[in-house]
Visitor: 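Starting off with a structure, shown below.
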Amino acid sequence: MPLLMKTLLRLVGWLLAGMLMLALLAVTIFWLINRKDEALLPEVAQAIVFTPPPPEAMQRNAYFVLLGLGAPVGEDALAAGKRFFAAQMQDYADRRQTGQARSSTVQAWPHQPLDINALRCPVERDDCLEYWLPRQGAIRAALKQYAHVLRRYRSLLEMPEYEEVVPPDLAVAMPYYGDLVAASDLVLMQASLLLHEGDAAQALLLLEHNARLHQRLMAGSRTLIGGMIALSMQMRQQRVVSHLLLRHPVLARAHTARWQAALSSEADLSAALAGEGRWMVSSFNTDMSQELRRLAAGNFPGKDEASMVARLEKTLAISQKFYLHHETLNRFYRAYRVAMRLADVPADQIDAQVTRVAQEQVIIGQPWWKRPYFGLRNQLGNILLEMGQPDIQRYIERAHDVEGHRRLVLLQLAAYSAGLEPADMTDWLAKSPEALRNPYTLAPMGWEADKSPSRAGGSLVFQGRQPQVQNPARSPVYRVRVFTH
């Protein structure tokens with residue numbers, strides 16, 4: 001019996017010693033896997049250094065007028081924009097030092113947005129001029145009230161350059177893009193009323209100028225929101241141009257080139273996407289400690305349970321010891337650069353490119369046995385990457401959708417210039433050039449003839465992919481009406 005006890009105790013001792021050795025081995029392997037961070041990629045190291053522009057560069061850059069676009073009458077818009085930017089930089093510096101910002105932008109400029117919501121053409125309307133004519137008095141009053149804003153808005157095209165400069169912080173106050181959209185909408189209202197009054201030359205001049213301005217804003221965008229705002233403005237103008245063409249087909253034939261100039265060119269989000277990648281990786285670098293702090297005290301179920309918060313904080317504290325910051329930044333940037341290839345192919349090749357990109361991307365959601373080092377390296381970084389994987393396909397498809405709508409309006413213009421009738425449309429569309437076809441399929445655009453005996457016209461139709469706020473019910477289906485007789 002004593003011999004049996006000794007044997008059992010010896011076995012238990014060997015088992016415990018073996019378990020301890022395995023635990024030590026596991027800890028050692030885990031430490032070895034996570035002991036050394038990567039060196040930053042040169043482009044990442046460059047991206048995370050934010051240098052504000054010198055005063056002379058700000059004087060040339062129309063972006064700083066945009067920041068002060070809605071400043072009160074009598075104030076210098078460029079000076080107001082510089083104050084706004086200085087406040088952004090103060091908040092950026094405060095967040096880096098203390099994790100808290102003082103909302104200095106609100107103190108620097110207590111902004112009042114342009115109030116034109118009641119004048120905006122509802123998306124359900126298929127004729128914006130019809131909506132605006134009964135509101136001419138209010139529109140003319142708004143044009144007078146915001147004349148100083150429109151002068152500043154026009155000057156965005158006159159200054160030597162335009163390039164967005166946004167401090168890399170996810171919490172920083174963004175520009176008042178709503179003022180920009182409102183100014184563009186006022187130009188559309190003004191041009192529509194001028195055309196109705198018979199001043200086609202001045203109306204088309206305003207529309208051409210507006211289109212060039214939209215293109216400049218797109219080319220100078222360095223954030224995705226800036227690029228999408230320009231795209232939205234372009235879509236709004238395309239919609240109004242199609243309504244005006246429907247009312248004035250004779251003017252379409254007389255001023256074809258000028259109508260084409262009022263429709264901008266194909267949207268290009270390349271500059272915005274490239275800037276967004278740099279801005280996001282820099283913001284990620286700036287906000288890391290603050291994001292983790294918020295995560296620890298986040299809005300979780302049972303947030304008030306002290307024990308749960310304590311466990312979460314302890315888990316994060318342990319994880320942060322094995323968090324590889326440089327590797328996380330590098331992998332985020334690589335993933336974004338791979339995803340950006342979607343912007344380099346035409347719409348008809350985007351699906352094939354999506355497949356190729358998916359094969360190249362590091363799929364965070366893979367089973368642990370398929371991950372590098374079985375998922376033991378940089379576990380907290382993996383979680384953060386999974387939360388912030390770039391999804392830019394939808395934005396690129398929105399740009400292709402707006403291009404599809406632009407082609408519909410160009411087809412409308414061409415149909416009027418060629419003197420076509422509704423019965424001609426199907427055969428004519430079958431012979432349309434590739435540049436005016438469905439950008440995704442390269443098939444001719446669709447045609448829907450009116451079934452109502454009181455309307456002998458019809459609509460050009462394009463099936464887009466992403467929801468569109470300028471369509472009824474945010475539909476991705478675009479329709480441009482042609483012929484009303």
Side-chain angles (χ1 to χ4, degrees), residues 52-86 109 111 113-114 116 142-166 174-194 199-223 225-227 229-234 236-238 240-241 255 257-265 267-268 271-272 275:
E56 58 271 19
M58 296 171 74
Q59 284 293 129
R60 296 192 307 270
N61 191 349
Y63 171 73
F64 292 97
V65 174
L66 182 151
L67 290 182
L69 194 65
V73 181
E75 284 199 37
D76 181 73
L78 183 59
K82 289 178 180 179
R83 286 202 313 274
F84 184 93
F85 182 72
W109 180 15
H111 175 255
L114 276 66
I116 66 163
L143 290 170
K144 183 177 180 180
Q145 179 184 357
Y146 297 121
H148 62 294
V149 177
L150 291 175
R151 284 194 297 272
R152 296 164 183 168
Y153 175 71
R154 288 191 293 269
S155 76
L156 298 179
L157 200 55
E158 298 163 3
M159 294 180 70
E161 57 192 52
Y162 175 85
E163 182 177 352
E164 286 185 317
V165 185
V166 184
M174 296 300 286
Y176 296 119
Y177 289 116
D179 291 345
L180 192 65
V181 177
S184 180
D185 284 351
L186 283 171
V187 170
L188 297 180
M189 296 175 202
Q190 185 179 19
S192 298
L193 293 180
L194 284 168
D199 194 348
Q202 185 61 24
L204 288 170
L205 183 63
L206 286 175
L207 292 173
E208 289 177 47
H209 188 279
N210 219 29
R212 291 201 307 273
L213 214 157
H214 298 162
Q215 289 177 262
R216 187 175 215 204
L217 294 171
M218 178 79 72
S221 59
R222 297 296 180 266
T223 61
I225 186 173
I229 289 292
L231 186 70
S232 169
M233 294 163 71
Q234 181 175 325
R236 287 166 179 262
Q237 175 146 327
Q238 289 172 190
V240 170
V241 166
H255 304 285
R258 300 194 67 184
W259 285 107
Q260 290 172 338
L263 290 169
S264 296
S265 58
D268 183 1

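We're numbering straight along the sequence, starting at 1.
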Visitor: Does anything in residues 143-161 form a salt bridge (charged side-chain N to carboxylate O under 4.0 Å, His left out)? List the pairs, not counting sequence neighbours.
Guide: Arg60-Glu161
Visitor: Kindly give the heavy-atom pair with the smallest separation between Met218 and Ala267, and that separation in Å.
Guide: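 Result for this residue pair: CE-CB, 3.9 Å.
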Visitor: Once ring-ring contact (aromatic ring centres under 6.0 Å, His included) is applied, do any residues pair with Tyr63, and if so which ones, sequence neighbours excluded?
Guide: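 For Tyr63, no residue satisfies ring-ring contact (aromatic ring centres under 6.0 Å, His included) once neighbours in sequence are set aside.
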Visitor: To check you understand the geometry: which heavy-atom pair defines the closest contact between Ala272 and Thr223, and what is its length?
Guide: CB-O, 3.5 Å
Visitor: Name all residues meeting the side-chain contact (heavy atoms from CB on, under 4.5 Å) criterion together with Pro113; count only those two or more places apart in sequence or in a different chain, and write none if there are none.
Guide: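 Testing Pro113 for side-chain contact (heavy atoms from CB on, under 4.5 Å), a comparison that skips the adjacent residues, returns His111, Asp179.
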Visitor: Just to verify, what does Gln190 make a side chain to side chain donor-acceptor pair (under 3.5 Å) with, not counting sequence neighbours?
Guide: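 If we apply the side chain to side chain donor-acceptor pair (under 3.5 Å) test to Gln190, skipping adjacent residues, there are no hits.
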Visitor: Taking all non-hydrogen atoms of both residues, which atom of Ala80 and which atom of Ala71 are closest, and how far apart?
Guide: CB-CB, 3.9 Å
Visitor: Run the side chain to side chain donor-acceptor pair (under 3.5 Å) test against Gln234 and tell me which residues pass, sequence neighbours left out.
Guide: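 Gln234: side chain to side chain donor-acceptor pair (under 3.5 Å) contacts with Gln238.
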Visitor: What residue pairs, at least two apart or across chains, pass salt bridge (charged side-chain N to carboxylate O under 4.0 Å, His left out) with a residue in residues 208-218?
Guide: Glu208-Arg258
Visitor: Is there side-chain contact between His255 and Gln260, with at least one heavy-atom pair below 4.5 Å?
Guide: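 His255 vs Gln260: side chains apart.
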Visitor: How close do Gln202 and Leu194 get, heavy atom to heavy atom, and via which atoms?
Guide: CG-CD1, 3.6 Å
Visitor: Quick one: list whatever passes side chain to side chain donor-acceptor pair (under 3.5 Å) with Asp268, sequence neighbours left out.
Guide: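 Scan of Asp268 (side chain to side chain donor-acceptor pair (under 3.5 Å), adjacent residues dropped) gives Ser270.
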Visitor: In chain order, what residues pass the side-chain contact (heavy atoms from CB on, under 4.5 Å) check against Gln59, with sequence neighbours excluded?
Guide: Leu78, Lys82
Visitor: Rounded to the nearest 0.5 Å, how far apart are CG of Leu156 and CG of Leu180?
Guide: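 Going from CG on Leu156 over to CG on Leu180, the span is 7.0 Å.
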Visitor: Starting at CG of Leu69, measure out to OH of Tyr177 and round the result to the nearest 0.5 Å.
Guide: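 Here the rounded value is 12.0 Å.
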Visitor: Supply the atom-to-atom distance Arg222 CZ to Glu163 CD, rounded to the nearest 0.5 angstrom.
Guide: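 These two atoms lie 4.0 Å from each other.
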Visitor: For Phe64, does its backbone N or O pair with a side-chain atom of Asn61 as donor and acceptor, under 3.5 Å?
Guide: no
Visitor: Locate the shortest heavy-atom distance separating Val149 from Gly70; write the atom from each residue and the value.
Guide: CG2-CA, 4.5 Å
Visitor: Going by the rule salt bridge (Lys or Arg N to Asp or Glu O under 4.0 Å), which residues pair with Glu164 if we only count those two or more places apart in sequence or in a different chain?
Guide: none
Visitor: Please lay out, stage by stage, how Met189 and Ile116 fare under the test side chain to side chain contact (heavy atoms under 4.5 Å, CB included).
Guide: CA-CA 11 Å; Met189 296 175 202; Ile116 66 163; 4.3 Å; yes
Visitor: Hey, mind stepping through Arg236 and Val181 against side chain to side chain contact (heavy atoms under 4.5 Å, CB included) and telling me if it holds?
Guide: CA-CA 9 Å; Arg236 287 166 179 262; Val181 177; 3.7 Å; yes
Visitor: Go through Leu207 and Asn210 one step at a time and tell me if the side chain to side chain contact (heavy atoms under 4.5 Å, CB included) criterion holds.
Guide: CA-CA 5 Å; Leu207 292 173; Asn210 219 29; 5.5 Å; no
Visitor: Applying ring-ring contact (aromatic ring centres under 6.0 Å, His included), can you list everything that pairs with Tyr153, at least two apart in sequence or on another chain?
Guide: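 Testing Tyr153 for ring-ring contact (aromatic ring centres under 6.0 Å, His included), a comparison that skips the adjacent residues, returns none.
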Visitor: Can you give me the closest heavy-atom contact between Met233 and Ser184, atom names plus distance?
Guide: CE-CB, 3.5 Å
Visitor: Going through the checks in order, is the side chain to side chain donor-acceptor pair (under 3.5 Å) test met by Ser265 and Gln215?
Guide: CA-CA 8 Å; Ser265 58; Gln215 289 177 262; 2.8 Å; yes
Visitor: Using the side chain to side chain contact (heavy atoms under 4.5 Å, CB included) rule, take Leu66 and Leu217 through it: C-alpha gap first, then chi angles, then the decisive distance, then the call.
Guide: CA-CA 10 Å; Leu66 182 151; Leu217 294 171; 4.2 Å; yes
Visitor: Which residues pass the side chain to side chain donor-acceptor pair (under 3.5 Å) test with Ser232, not counting sequence neighbours?
Guide: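 Ser232 satisfies side chain to side chain donor-acceptor pair (under 3.5 Å) with no other residue.
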